[in-house]
Structure formats: structure tokens, C-alpha cells
Amino acid sequence: MAARFNPLEADARWQKVWEEQGTFHASGDGARPRAYVLEMFPYPSGRIHIGHVRNYVMGDVLARYKRMNGFDVLHPMGWDAFGMPAENAAMEKKVHPGEWTRSNIDTMRGQLKLLGFAIDWTREFATCDPSYYGHEQALFLDLFEAGLVYRKQSEVNWDPVDMTVLANEQVIDGRGWRSGALVERRKLSQWFLRITDFADELLDGLGRLDQWPDKVRLMQENWIGKSQGLRFRFDISPSPSGEGVGGWGMSQLYPTSPTPTPPLKGRGLESFEVFTTRPDTIFGASFAAIAPDHPIALALAEGNGGLAAFIAECKQGGTTAAELETAEKKGFDTGIRVIHPLDPEWKLPLYVANFVLMDYGTGAIFGCPAHDQRDLDFARKYGLPVTRVVAPSPEEAEEPIGDEAYSGPGRLVNSRFLDGLTAEDGIREVIARAEADGWGEGTTVWRLRDWGVSRQRYWGTPIPIVHCEACGPVAVPRDQLPIVLPEDIDFETPGNPLDRHPTWSKVDCPECGGSARRETDTLDTFVDSSWYFIRFASQPGDAPFDRAEAERWLPVDQYIGGVEHAILHLLYARFWTRALQRIGKLDVVEPFRGLFTQGMVTHVTFQDPQGKWLTPEEAESHGGPVIRGRVEKMSKSKRNTVDPEPIVDQYGADAVRWFMLSDSPPERDLEWSEAGIQGSWRFVQRLWRLADEEAGRGSSTWLGDGEDAALDRKVHRAIAAVGANIEALAFNKAVANLYELTNALEKAPASPSRSRAVETLIRLAAPMVPHLAEEVWAAIGQEGLIAQAEWPVADPALLVEEEVTIAVQVNGKLRDTLTAPKGAARETLEEMALASEKVARILEGKPARKVIVVPDRLVNVVA
RNA sequence: GCCCCCGUGGCGGAAUUGGUAGACGCGCUCGACUCAAAAUCGAGUUCCGCAAGGAGUGCCGGUUCGAGUCCGGCCGGGGGCACCA
């Protein structure tokens with residue numbers, strides 16, 4: 001063996017061996033139990049960054065560990081290859097999005113291979129392959145035929161310069177992030193998937209995902225947003241003088257229309273529904289309010305210029321977080337009165353209010369100022385009555401409400417027949433009465449919206465629909481799939497190139513044969529990532545997947561990725577899987593049994609006094625003063641990124657892998673540092689020296705024949721600890737276990753125990769530093785690959801200590817320690833502790849009041 | 001505003017059910033080897049103190065024989081949602 005481990009030479013050599021032998025192919029032959037380990041597949045943006053490396057190293061350690069434990073492991077890799085950056089590159093660099101994407105994939109695949117990941121590359125695909133998205137089109141049609149896809153008008157963010165729809169995240173301060181143009185709200189016909197049909201089961205299923213982080217489950221729960229309550233009808237009160245005009249409040253700021261008769265009658269607008277989660281507070285009602293775009297508001301505005309102006313003003317209001325937070329509650333009194341459902345004599349004013357949202361519930365509310373902060377703010381502003389109807393105690397029944405609404409528990413007061421009931425009973429009672437009397441019903445409202453999947457872009461999966469004037473939207477016949485994106489496209493003009501293509505969209509209607517137009521929208525790329533894990537498990541040519549084979553691999557046993565996908569991707573994938581189950585295509589309920597969200601890789605930042613960001617190298621060579629900034633997420637704009645490739649060239653894959661696993665718990669951020677990677681490099685070399693020494697010594701040169709029982713125990717404790725920590729994905733702890741064992745081995749005198757221990761250490765380290773492990777494995781004359789060797793088994797007998805250290809406390813303070821045989825009797829321990837000089841000194845001859853003995857742990861003497 | 005998580009040495013972080021706080025790594029100090037350096041090896045490294053000893057897990061209080069861990073109240077940091085009725 002060489003004096004030093006040379007990764008430059010060894011890495012490539014072992015990577016070639018693994019590839020040639022197909023070491024990491026998932027066989028699926030049923031001979032071994034299966035394990036499916038998956039990291040979120042990357043978007044081919046250009047180059048691998050260090051965050052990818054951390055993500056894939058974690059999955060890789062688990063995959064290799066599972067393989068050594070006798071599993072048939074599926075650990076695939078692919079590319080989430082559709083999306084905007086490719087189109088931006090096309091516009092900026094005049095390169096075809098496909099060409100740009102393919103070239104990035106080639107680069108990144110090469111970079112990933114440098115790290116020696118145990119990936120089954122035979123299953124690799126990119127979502128931009130027609131052989132992938134064609135099957136996606138088929139699945140879309142399956143859902144379409146099952147009624148889970150529909151088309152409706154919806155408001156979108158429209159960039160008038162780029163002529164494209166923008167996602168909310170792409171609208172910054174009301175402007176398109178690329179063009180800087182003021183974004184318009186536009187109504188477009190879009191395709192939607194009925195994810196709301198699954199709201200209940202998606203929520204319910206979270207409870208059974210016990211191997212998911214609580215945080216992610218909670219985020220999804222909030223996102224789905226289930227609210228139970230009462231939906232009920234308000235009838236508009238007929239008034240002698242017609243149906244009212246704006247008379248009070250805000251309306252004075254706006255000119256009142258000279259034609260005061262609002263056209264509600266005969267249009268189904270004589271009543272409207274509201275939703276509330278607090279029907280118990282119904283006797284605290286002091287007003288009703290509708291959204292500015294509620295049909296009644298729009299109808300009233302036809303005859304009321306003041307209201308029309310108010311509605312227009314509401315629409316202008318920004319929708320950014322900051323603006324909403326400070327936005328004042330504003331309303332417009334329509335002059336209309338509505339009838340309280342429990343008292344026909346009780347009339348409430350109807351406002352149009354800026355804080356009522358048309359797309360939640362029914363777009364209308366009843367206002368109960370005493371117990372809802374927004375309603376209270378509103379009521380105070382417009383001088384509306386505030387009546388307490390819930391009191392935390394009988395004494396507080398008449399306590400006036402101040403500036404804060406009371407939303408806590410209590411009993412109902414000032415509420416006629418509800419008085420004395422708890423709030424919960426009140427809710428039940430009012431719902432029961434509403435249902436019995438026919439003016440409302442108990443219902444559930446969700447925050448979750450249906451998933452709009454239409455994107456007015458080129459680089460995505462074409463939606464397999466044809467629009468025919470006679471037949472409407474028609475599914476493309478299956479034998480015409482895949483609908484392939486045209487290659488001859490023009491990015492010179494903004495907008496969707498598919499729309500402008502001279503021939504692509506011109507087709508005959510599959511139903512009537514008449515001339516028709518192909519759908520030119522493409523699917524949201526989140527659709528692509530909603531089923532790729534199924535395609536990894538099984539990829540026949542003529543179908544999206546083979547059902548039986550997919551069911552044998554799924555669900556994914558361990559899924560690893562960034563927490564930024566906690567909601568959208570993970571919710572969409574759960575929905576898609578359930579949708580496939582509902583239509584009878586795949587009997588899997590949840591796609592990911594275990595989920596792990598890893599932290600980011602961060603790095604220090606540097607700036608010069610002018611605030612210009614500097615790379616770490618620039619900071620070092622910079623002549624003038626340099627400000628050392630915070631440790632932050634790596635980003636190009638802050639110039640604190642680290643390219644993994646030169647680092648792998650310098651230190652080798654194993655040192656990089658080891659560093660990615662060290663120190664920080666995997667769910668937290670890891671700070672990249674030069675010292676850290678050097679430390680890892682040193683450890684790789686230490687392992688090498690240890691093995692080298694042992695190999696060089698040969699078995700004939702023992703100093704003695706004696707076994708080293710203490711070392712044996714340490715080894716077996718390490719076997720148990722490393723295994724448990726890898727299974728728990730606590731890689732930083734597994735790393736610490738390996739350091740401890742290495743330290744112990746370096747100090748241990750030569751013995752057969754030590755030789756065995758070094759071999760065990762290499763096995764334990766193999767998932768983390770696989771190239772070095774293979775090199776050592778071969779050098780010590782072992783057959784085959786360590787990647788396929790068995791994980792050592794801890795001997796339970798050696799996990800038990802013979803002697804234990806007992807802490808001796810006086811009044812809970814540590815005063816002494818003593819060594820006792822494992823399992824020593826309470827009395828023995830007590831006796832030993834009381835015999836301690838230090839204890840005796842503190843007791844000063846007085847007897848102990850009490851002695852607490854925790855066997856094998858401590859004795860606490862209470863003085 | 002609502003919901004959730006986290007505060008432990010110079011730094012990253014360990015610490016079963018409450019039971020010896022600081023494992024392991026980084027950094028630093030001293031020493032060995034060396035002409036010197038790198039590499040490597042040895043010793044040390046929570047704070048105060050020469051020591052004996054004392055203090056110590058953001059702060060204040062509580063429960064307990066015993067609290068980093070449990071409870072209450074603050075302070076600080078991070079994340080999610082965002083006028084959701």
C-alpha cells in the first residue's frame with residue numbers, strides 16, 4: 001500500500017469498476033427485500049452545486065448501507081428538465097432550450113459521477129424526453145376522462161411585455177421579474193386538476209405519515225386549511241323606498257348615483273350566503289359584508305358610481321405581504337339591509353368591504369365585532385354596535401369589549417336561547433337549528449384551491465387536447481401520443497412560441513374531422529415531478545409504468561430533499577398518487593413513506609466598503625479593507641458559492657462526502673469552510689494509515705496472542721451506534737462514532753482484536769468513504785467489492801459493559817464517582833457511596849436523610 | 001397578526017424515560033520531529049482560581065432527591081401562512 005491515499009487515481013478506478021460490474025443496479029428479482037431510496041431530482045441548471053452534493057451524499061450513504069444489509073436497493077437519478085430557465089437561456093443566448101438543457105445534463109451527470117454515487121444509471125431519464133412526457137400526457141388524459149381535469153376562467157398574472165403568465169413568486173412589487181413591466185390581472189381559460197376533491201384524504205393521510213417531519217405535516221395541514229362551520233343565507237330586506245342607496249360611512253367620499261335602484265331583483269340576488277366558523281356568535285352580529293367582486297356588489301355598482309369607484313379602489317390595493325399587513329379595513333355601505341336569520345325584525349347593514357375575499361368561503365361574511373379582530377376594527381371605524389356574546393366567566397358577561405376582540409373560550413351571553421351554553425355547544429345548536437329551519441347547513445370550507453396547470457410557455461409538456469369549435473375541448477387519441485414539441489421555434493418575439501408556430505397548432509378535430517386548434521399551453525413542471533418516482537420504479541415503453549412492478553417498489557422508503565418543497569411538490573405528488581389510485585391505475589396511497597428535509601449549505605460572505613460582494617478569494621487578495629459578512633445561503637448574487645468540482649479534484653470524492661456528513665445535523669444548515677474540508681481530508685488519510693499499518697504488519701508479527709476484550713467491546717458498540725445513527729439519518733453522530741473508534745484503534749496495541757477491528761471500521765466507513773474503503777478492502781486481500789460486502793453484526797453480549805461508573809451526588813451535586821460491577825445491588829451501591837471520603841466530609845458525621853439509588857447510574861445522598 | 005421550531009465552550013455540535021453537561025470535529029496553546037516549513041505525533045483547551053474549591057446549558061420563577069431535558073412568564077433568533085370569516 002502507498003503511504004498516502006491517492007483519490008485522484010483511486011476514485012476513477014473504482015467508479016469504473018462499479019459501472020462495469022453494474023454494482024448498483026436494482027435487480028427487482030425478488031430474491032432480497034427491497035428498499036427505495038430517493039433524493040429529489042435536480043433541475044439541470046448548469047452545474048452541480050454543493051447543496052446537491054449534500055443531498056445526494058445523504059441518500060447515497062443510506063442506499064449503500066441498505067445494500068450492505070442485504071436489500072435490493074433502488075437508488076435512481078434523473079432530471080427535472082422542463083422549465084423557464086431554459087427559455088430564458090434561449091432568449092438570451094440564442095440557443096434552443098432543448099440543446100441548453102441536454103448540455104447541462106451532460107455536464108451535471110459527469111459531475112455527479114465524480115462523487116461516486118451508488119446510483120442505478122440505467123434508469124436515468126429527463127422529463128423533457130418525449131418518452132417521459134408522452135406517458136405524462138396519457139396520464140393527464142386518464143385523469144381528464146375520470147373527470148379530475150376541468151377548464152375554467154381564472155385570473156392570472158400577465159406580463160404584457162414578455163406576453164406570458166407569471167407565477168406569484170415571479171411578480172416582484174407588482175412587476176414582472178424579467179421584464180420589469182407592470183403586471184396585469186387577466187382572465188384566461190386554464191386547465192385545473194381537482195386536488196380539492198382529495199382535500200379531506202390528503203389532510204387525513206398526514207396523520208399516518210409518521211416518518212415525515214412534523215414541520216412539513218403542519219405546513220401541509222395549514223395549506224389545506226380545513227375550517228368547519230355554518231353556511232347560511234341572508235335575505236335582503238325589501239325597503240319601501242326601493243333598495244336603498246349609499247348613505248353612510250365611506251360612501252360619502254364617493255358621489256352617490258342619481259339612479260338609486262340597484263338591479264338585484266329577478267337576478268337571483270335577493271339573498272346571499274355567508275360562511276362562519278363561529279355560528280355561536282350569531283347574536284353578536286352587527287353587519288354583513290361582501291367582497292368587492294361579489295356578484296351583488298358588481299350588480300349594485302351598475303347603478304352606483306360611488307360603489308363602482310370604491311370597488312375599483314379595492315382592486316388597486318397591493319397584494320404584497322407588507323401592504324396587507326398595514327391595509328386599513330375599508331367598507332362601503334350599500335344602504336341595503338339584510339334580515340337576521342333568527343329574528344325577522346332584526347336588520348343588519350350590508351357593506352362591501354375590502355377585507356372580504358371572493359375566493360374563500362362564499363365571498364361574504366357576517367360581522368361579529370366582539371369576537372373577531374377584523375370585524376372589531378371595522379365596527380369601530382364605522383360606528384357599528386359591539387355586543388359581547390361570549391364571556392370567559394359569568395362576572396364578565398357585561399364587560400365591554402375594548403380594542404381587542406375576545407376569541408377565547410367561554411359561555412354564551414346576550415344570546416337569547418343560547419345563553420349559558422358553551423361556545424362549542426352553541427355552534428352545534430345553531431347549526432342544528434339552521435338545518436331544521438332550512439336557512440343554513442353545517443359545512444366544511446377549505447383553503448386549498450384546485451391546481452391550475454396551464455402555462456403559456458414552450459418548454460413544458462404539451463397538453464394533449466384539441467379545441468374544436470363544434471366539439472369543444474377534445475382529448476387527443478392515445479395513438480397520437482406523444483404530442484411532441486416542435487423543434488423549429490422562434491424566440492425572437494416575446495410570448496409563447498407554440499402560439500406563433502405556423503403549423504403545429506393546426507390539426508383536425510379527432511371527433512368531427514373539422515379544422516381545430518391544438519392546445520398551445522403546456523403543463524406546470526410540478527406535474528412532471530408528481531410521478532417521476534413511479535417511472536423510476538418501472539419504465540416500460542408502451543405505458544407510463546408497469547403496475548405490479550411499481551407497486552413492488554413503492555412507496556419510496558426514504559425521500560430526501562429541501563424543505564422548500566414541503567408544500568407544493570410534496571402535496572402535488574401525494575395528490576397525483578391518490579388520483580392514480582382512485583382511477584384504478586396504481587394501488588399506492590402515499591408516495592413517500594419516509595421524508596427527510598435536509599438543511600442548506602452556507603458560506604461566509606465578504607463585501608468591500610462600497611458594499612460590493614467579493615468572493616472569498618477576492619477578499620483574501622483584496623488590498624483594501626474587507627467586511628466579513630454573515631454566513632449565508634450560497635447564492636450567485638452574494639458571490640459566496642463553492643463549485644464542488646475543483647474541490648473534488650483537489651481532495652477527492654471521499655473527503656468531500658465526509659465533510660458533507662460531519663458536524664452539522666443533516667436537517668440543519670452546514671457551513672462550508674476550507675478548514676472543514678481539510679479536516680475531512682486528514683481523516684481520510686488517517687483511516688488509510690491505520691489500514692496501511694495493519695496490512696503491513698501481517699498476522700505473524702503480533703506482540704502477543706492476547707485478545708483485547710476492551711477493544712472488542714468498543715468495536716461492537718460502534719457497530720450498533722453507527723448502524724442506528726445511519727438508519728436515523730443522524731449522519732453527524734455516525735461520523736462521531738467512527739472518529740471515536742478510529743481514536744481508540746490508533747491507541748490500541750497490536751492484537752488479533754485490533755486487526756479485526758480495523759477491518760470492521762472500514763466496513764462501517766464504507767458507505768461514507770466508498771473509494772478509500774474499496775482500496776483498503778482490496779489491499780487487505782478481501783474478495784469482491786466492499787460495496788457488496790456484509791454490514792457487520794453487533795454481538796449483544798459485547799454491548800453490555802462489565803463495569804460501570806457510578807456518579808455519587810450529595811443533594812444532587814456530583815461529588816465523586818465510583819466503579820462498580822454492572823447490575824450491582826442497590827444496597828451495595830449505597831454502601832459504596834456512603835463510604836466515599838468526599839461524601840463523608842460533606843455530611844460532617846450527620847446521617848443521610850435519604851439515599852436515592854439509580855442502578856448502574858448514580859447514587860444521590862440527601863443530607 | 002396567527003401557527004411552528006430553536007437558544008449548550010472561541011465555533012459546528014453531543015447528552016435513553018429527568019440521572020456524571022460539553023462526546024466528536026474545527027480552532028487555539030504548549031511540546032516532539034525538522035536547518036526550516038508542511039505533514040505527522042503527544043499534552044491541554046467551559047469560565048473564575050496557584051490550589052482547595054466555586055460557578056455554569058438566553059433571563060426570571062416553579063416542580064423534583066436531582067432539570068440542558070418538565071411547567072409558567074419574559075428576552076433573542078429562525079421558519080411557515082397571511083385580511084381564510
Side-chain angles (χ1 to χ4, degrees), chain A residues 3-4 213-223 225-227 229-230 274-278 281 289 291 317 319-329 353-357 359-368 371-375 377-378 407 445-448 563-564 566-567 631 658-659 662-665 667-671 673-680 682-683 685-686 689 721 730 732-743 746-747 805-818 848-863:
Chain A
R4 276 193 153 203
D214 289 345
K215 181 168 82 165
V216 174
R217 291 195 290 177
L218 189 70
M219 281 163 71
Q220 291 211 354
E221 191 183 318
N222 291 339
W223 187 263
K226 182 179 188 174
S227 295
L230 171 70
V274 301
F275 173 72
T276 178
T277 55
R278 293 295 303 274
T281 65
T319 51
T320 65
E323 281 171 298
L324 284 177
E325 197 171 339
T326 53
E328 202 180 351
K329 305 282 174 286
N354 67 345
F355 67 93
V356 181
L357 306 175
D359 61 358
Y360 182 79
T362 60
I365 60 158
F366 88 86
C368 176
H371 306 289
D372 180 285
Q373 192 60 44
R374 286 159 309 168
D375 295 349
D377 295 345
F378 191 83
S407 56
V445 162
W446 305 86
R447 209 191 78 102
L448 185 68
V563 72
E564 65 272 20
I567 297 171
V631 173
W658 185 259
F659 180 42
S662 302
D663 291 352
S664 286
E667 68 278 10
R668 285 202 221 162
D669 291 351
L670 171 72
E671 187 189 342
S673 72
E674 197 58 31
I677 182 69
Q678 281 172 11
S680 296
R682 279 201 298 274
F683 178 71
Q685 294 301 341
R686 267 175 76 194
R689 272 196 306 278
N732 58 321
K733 294 186 214 168
V735 160
N737 299 144
L738 290 171
Y739 270 116
E740 263 179 291
L741 182 57
T742 305
N743 290 344
E746 283 174 343
K747 291 191 173 81
T805 307
I806 304 289
V808 179
Q809 300 179 334
V810 178
N811 295 333
K813 281 197 177 179
L814 183 72
R815 295 298 176 183
D816 203 358
T817 57
L818 55 88
R849 283 214 322 244
K850 191 173 170 189
V851 179
I852 285 141
V853 180
V854 182
D856 294 334
R857 276 205 169 266
L858 62 71
V859 179
N860 187 16
V861 180
V862 184

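Per chain, numbering begins at 1; letters A, B, ... match sequence-line order. What you are looking at is a predicted structure, and each value in this text was computed from that prediction instead of being measured.
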So, is [X] near the phosphate of [N], with a side-chain N or O under 4.0 Å from OP1 or OP2?
{"X": "A:K747", "N": "B:C41", "result": "no"}
{"X": "A:R668", "N": "B:C5", "result": "no"}
{"X": "A:R447", "N": "B:A82", "result": "yes"}

Of the options [options], whose atoms approach the side-chain atoms of [X] most closely?
{"X": "A:N354", "options": "B:C65, B:C83, B:A85", "value": "B:C83"}
{"X": "A:T277", "options": "B:C3, B:A55, B:A85", "value": "B:A85"}
{"X": "A:E746", "options": "B:G13, B:C41, B:C65", "value": "B:C41"}

message: Quick one about A:N811 and A:R849 (side-chain donor to acceptor, distance below 3.5 Å, no hydrogens or angles considered), yes or no?
response: no
To the nearest angstrom, how far is [X] atom [atom1] from [N] atom [atom2]?
{"X": "A:R849", "N": "B:C65", "atom1": "CZ", "atom2": "C1'", "result": "9 Å"}
{"X": "A:R689", "N": "B:C41", "atom1": "CZ", "atom2": "C1'", "result": "9 Å"}
{"X": "A:D669", "N": "B:C11", "atom1": "CG", "atom2": "P", "result": "18 Å"}
{"X": "A:D359", "N": "B:C83", "atom1": "CG", "atom2": "P", "result": "9 Å"}
{"X": "A:R4", "N": "B:A38", "atom1": "CZ", "atom2": "P", "result": "14 Å"}
{"X": "A:F275", "N": "B:C84", "atom1": "CZ", "atom2": "P", "result": "12 Å"}
{"X": "A:Q373", "N": "B:G1", "atom1": "CD", "atom2": "P", "result": "11 Å"}
{"X": "A:W446", "N": "B:A85", "atom1": "CH2", "atom2": "P", "result": "13 Å"}

Provide the distance between the two [atom1] atoms, one in [N] and one in [M], to the nearest whole Å.
{"N": "B:G7", "M": "B:U57", "atom1": "P", "result": "14 Å"}
{"N": "B:U46", "M": "B:U29", "atom1": "C1'", "result": "16 Å"}
{"N": "B:G12", "M": "B:A23", "atom1": "C1'", "result": "13 Å"}
{"N": "B:U8", "M": "B:G76", "atom1": "C1'", "result": "15 Å"}
{"N": "B:A15", "M": "B:U69", "atom1": "C1'", "result": "10 Å"}
{"N": "B:G10", "M": "B:U45", "atom1": "C1'", "result": "10 Å"}
{"N": "B:A43", "M": "B:C48", "atom1": "P", "result": "24 Å"}
{"N": "B:G58", "M": "B:G77", "atom1": "C1'", "result": "11 Å"}

task: Give the C-alpha distance, both sets of side-chain angles, the deciding distance and a yes or no for salt bridge (charged side-chain N to carboxylate O under 4.0 Å, His left out) between A:D214 and A:R217.
output: CA-CA 5 Å; A:D214 289 345; A:R217 291 195 290 177; 2.7 Å; yes
message: Quick check on B:G66: syn or anti? Syn means the glycosidic torsion is within 90 degrees of zero.
response: anti
Heavy-atom distance under 4.5 Å between the side chains of [X] and [Y], does that happen here?
{"X": "A:F355", "Y": "A:D377", "value": "no"}
{"X": "A:D375", "Y": "A:I365", "value": "yes"}
{"X": "A:D663", "Y": "A:N732", "value": "no"}

query: What do you reckon, is NZ of A:K226 surrounded by more than 12 foreign heavy atoms closer than 6.0 Å?
result: yes
From [atom1] ([X]) to [atom2] ([Y]), nearest 0.5 Å:
{"X": "A:L448", "Y": "A:N222", "atom1": "CG", "atom2": "CG", "value": "12.5 Å"}
{"X": "A:S680", "Y": "A:W658", "atom1": "OG", "atom2": "CH2", "value": "8.0 Å"}
{"X": "A:F366", "Y": "A:L230", "atom1": "CZ", "atom2": "CG", "value": "8.5 Å"}
{"X": "A:R682", "Y": "A:I677", "atom1": "CZ", "atom2": "CD1", "value": "11.0 Å"}

field: Secondary structure of RNA chain B in dot-bracket form (Watson-Crick or G-U wobble, distances below 3.5 Å, | marking inter-strand pairs)
entry: (((((((..(((......[....)))((((((.......))))))(((....)))..(((((..]....))))))))))))....
- request: Could you tell me whether A:V356 contacts a base, only the sugar-phosphate backbone, or nothing, with contacts defined as non-hydrogen atoms closer than 4.0 Å?
  value: base
- prompt: How would you label the contact of A:R815 with the nucleic acid (heavy atoms, under 4.0 Å): base, sugar-phosphate, or nothing?
  reply: sugar-phosphate
field: Nearest-nucleotide 5' precedence on RNA chain B, A:F355 against A:N222
entry: A:N222
statement: Given protein heavy atoms under 4.0 Å, the one-letter contact record of nucleotides 19-27 of chain B, with B base, S sugar-phosphate only and - none, is simply BB--BSSSS
- prompt: Aromatic rings A:F275 and A:Y360: how do their planes relate, parallel, tilted or perpendicular, breaks at 30° and 60°?
  reply: perpendicular
